[in-house]
Amino acid sequence: MRQGKYPFVIGFLALPVTLYSVFVIAPYAQAFQLAMTNWRGIGTPEWIGFDNFRRLLNDDAFWKAVQHHGILLLALPLITIAIALFFAFLLNVGGGSRGGQRVGVRGSAFYRVVFFFPQVLAVAIIAVLFQMVYRPDESGLINGVLTKIGLEPVFFLINPNLALWSIIGVLVWQAVGFYVVLFSAGMASIPTEIYEAAELDGATKVTLFFRVTLPLLWDTLQVAWVYLGIAAFDAFAIVAVLSVDSGGPDGATTVLAMEIYRNAFVYGRAGYASAMGVALFFLTITFAALALRVSKRESVEY
């Protein structure tokens with residue numbers, strides 16, 4: 001510090017900035033460059049300009065994947081946040097007041113462990129587990145129960161009308177636990193006096209949730225929405241392992257990451273796959289910026 005603060009700061013930032021540039025910025029730049037070529041994964045890339053992006057505009061598989069991401073962007077955050085908020089409220093506030101502190105329902109500590117359990121499992125393992133859950137015969141968890149009570153089995157992953165929603169169900173199941181913990185941390189920071197004052201005014205639990213908890217959790221909800229939106233642009237591992245024919249049936253569950261993988265490693269069109277990756281990059285950045293802008297509001301101080 002005797003030599004000045006700027007050399008001191010630069011000395012600390014030099015290594016992390018260098019590593020970030022080499023392992024993050026450089027691969028992005030290379031992907032943008034390859035998107036302008038017809039590279040097939042081997043040989044010398046040939047520069048073709050924006051031809052890959054023009055081709056994307058007429059690619060039905062690309063637009064079908066984008067459509068699926070649109071459904072995921074609506075369904076995944078809404079369902080996950082709604083369920084996580086409900087459970088977090090029960091685990092932190094639902095038990096009322098005890099000894100001047102807000103407590104959750106009976107057994108809330110145990111339920112926290114149960115809800116968080118999917119987070120300790122690898123995504124591929126979760127997909128394999130749900131292969132057993134969704135099996136179309138009697139050995140499947142759901143269809144086994146349906147068969148026992150005399151109902152017809154449901155073909156979750158084979159029916160094009162159900163396949164994507166079955167994938168969304170797995171994504172929600174896998175994500176809820178993390179957001180229960182996230183919202184629980186936010187609720188724990190809300191002073192008990194606010195809840196007590198609202199209850200003295202005659203507020204019910206429903207009123208407490210919508211008039212007290214939600215406004216004071218707005219910043220946390222904003223973060224959760226952005227994270228889940230970014231997750232909605234991925235879903236590669238679940239789709240690759242769980243879906244029929246890696247994105248089927250007939251492309252009913254395909255996503256952009258799946259199409260990128262297929263074009264790069266199955267069809268040998270690395271340049272075209274890079275163009276899809278660039279499109280996915282800008283879609284993700286655009287969503288994050290719009291979500292932060294639309295959900296921006298003044299912070300509530302307490």
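Hydrogens, waters and symmetry mates are skipped; everything else that's a heavy atom, side chains included, is used. One is the number of the first residue; the rest follow in order along the sequence.
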same_hphob_cluster(V66, I71) at 4.5 Å side-chain heavy-atom cutoff: yes
Check for a donor-acceptor pair, side chain of Y179 on one end and backbone N or O of T80 on the other, with a separation under 3.5 Å. no
Hey, what do you get for CD1 (I230) to CG (L73), rounding to the nearest 0.5 Å? 10.5 Å
Against Y134, only a single residue in F155, F156, W165 fulfils ring pair (Phe, Tyr, Trp, His ring centres under 6.0 Å); can you say which? F156
If we only count heavy atoms from C-beta on, is the L141 to F130 side-chain gap below 4.5 Å? no
Evaluate side chain to side chain contact (heavy atoms under 4.5 Å, CB included) for F183 paired with L221, printing each intermediate quantity in order. CA-CA 8 Å; F183 296 149; L221 288 172; 3.7 Å; yes
L256 and F236, any side-chain heavy atoms less than 4.5 Å apart: no
State whether the side chain of E259 and the backbone N or O of K64 hold a donor-acceptor pair below 3.5 Å, judged by distance alone. no
Taking C-beta and beyond as the side chain, do L72 and I167 meet within less than 4.5 Å on heavy atoms? no
Between V22 and F12, is there a shared hydrophobic cluster once you connect ILVMFWY residues whose side-chain heavy atoms come closer than 4.5 Å? no
Can you name the nearest heavy-atom pair linking P118 to I126, along with the distance? O-CD1, 3.7 Å
Please answer whether the main-chain N or O of I42 pairs with a side-chain N or O of W39 as donor and acceptor at a distance below 3.5 Å. yes
Indicate yes or no: at least one non-hydrogen side-chain atom of F116 is less than 4.5 angstrom from one of V180. no
Hydrophobic cluster identity match, I125 and V239, side-chain contacts under 4.5 Å: yes
Are L214 and W225 co-members of a hydrophobic cluster defined by side-chain heavy atoms under 4.5 Å apart? yes
Could you report the tightest heavy-atom contact between V278 and A31, atom names first, then the distance? CG2-O, 4.1 Å
Any side-chain heavy-atom pair from D250 and P160 closer than 4.5 angstrom? no
Roughly how far, to the nearest 0.5 Å, is the OH atom of Y272 from the CG atom of D51? 11.5 Å
Between P45 and N38 the two heavy atoms that sit nearest each other are C-OD1, 4.4 Å
hydrophobic_cluster_shared for W47 and L34, side chain cutoff 4.5 Å: no
Out of curiosity, I142 CD1 to L151 CG, how far, rounded to the nearest 0.5 Å? 12.5 Å
When you compare the side chain of N52 with that of M36, does any pair of heavy atoms fall below 4.5 Å? no
Apply side chain to side chain contact (heavy atoms under 4.5 Å, CB included) to the pair L283 and H69, showing each step before the final yes or no. CA-CA 10 Å; L283 285 172; H69 283 300; 6.0 Å; no
Do the non-hydrogen side-chain atoms of V170 and V133 ever get within less than 4.5 Å of each other? no
For atom CZ of R211, decide whether the heavy atoms of other residues, nucleotides or ligands shown that lie under 6.0 angstrom number more than 12. no
Donor-acceptor contact present, side-chain H68 to main-chain V255, <3.5 Å: no
Before giving the answer on side chain to side chain contact (heavy atoms under 4.5 Å, CB included), spell out for V172 and I83 the whole-Å C-alpha distance, their side-chain angles and the decisive distance to 0.1 Å. CA-CA 9 Å; V172 170; I83 296 174; 4.0 Å; yes
Minimum heavy-atom separation for G229 and F287, please, with both atom names. CA-CE2, 3.2 Å
Spacing of CG belonging to L228 relative to CZ belonging to F178, to within rounding of 0.5 Å: 9.0 Å
Heavy-atom closest pair (Q174 atom, Q119 atom, distance to 0.1 Å) is O-NE2, 2.5 Å
Partners of A231 by side chain to side chain contact (heavy atoms under 4.5 Å, CB included), sequence neighbours excluded? L76
Any side-chain to backbone donor/acceptor pair from N143 onto R135? Under 3.5 Å, distance only. yes
T37 backbone acceptor or donor facing E46 side chain under 3.5 Å: no
Separation between CZ of R269 and OG of S274, rounded to the nearest 0.5 Å: 12.5 Å
Is V128 close to V241 at the side-chain level, that is, under 4.5 Å between some pair of heavy atoms? yes
Check for me whether the distance between the ring centres of F281 and F32 falls short of 6.0 Å. yes
Is it true that atom CZ of F86 has more than 12 heavy atoms of other residues, nucleotides or ligands lying nearer than 6.0 Å? no
So R262 and T254, side chain to side chain contact (heavy atoms under 4.5 Å, CB included) or not? Walk me through it. CA-CA 10 Å; R262 185 178 287 115; T254 191; 4.0 Å; yes
Please confirm whether the backbone N or O of G248 pairs with a side-chain atom of T253, one donor and one acceptor, at under 3.5 Å? yes
Just how far is it from atom CG of L57 to atom CZ of F50, taken to the nearest 0.5 Å? 12.0 Å
Shortest non-hydrogen contact from F23 toward P27: O-CG, 3.4 Å
Surrounding CD of E138 (heavy atoms of other residues, nucleotides or ligands, distance under 6.0 Å), is the total greater than 12? no
Under the 3.5 angstrom rule, does the side chain of D59 hit a backbone N or O of A61 as a donor-acceptor pair? yes
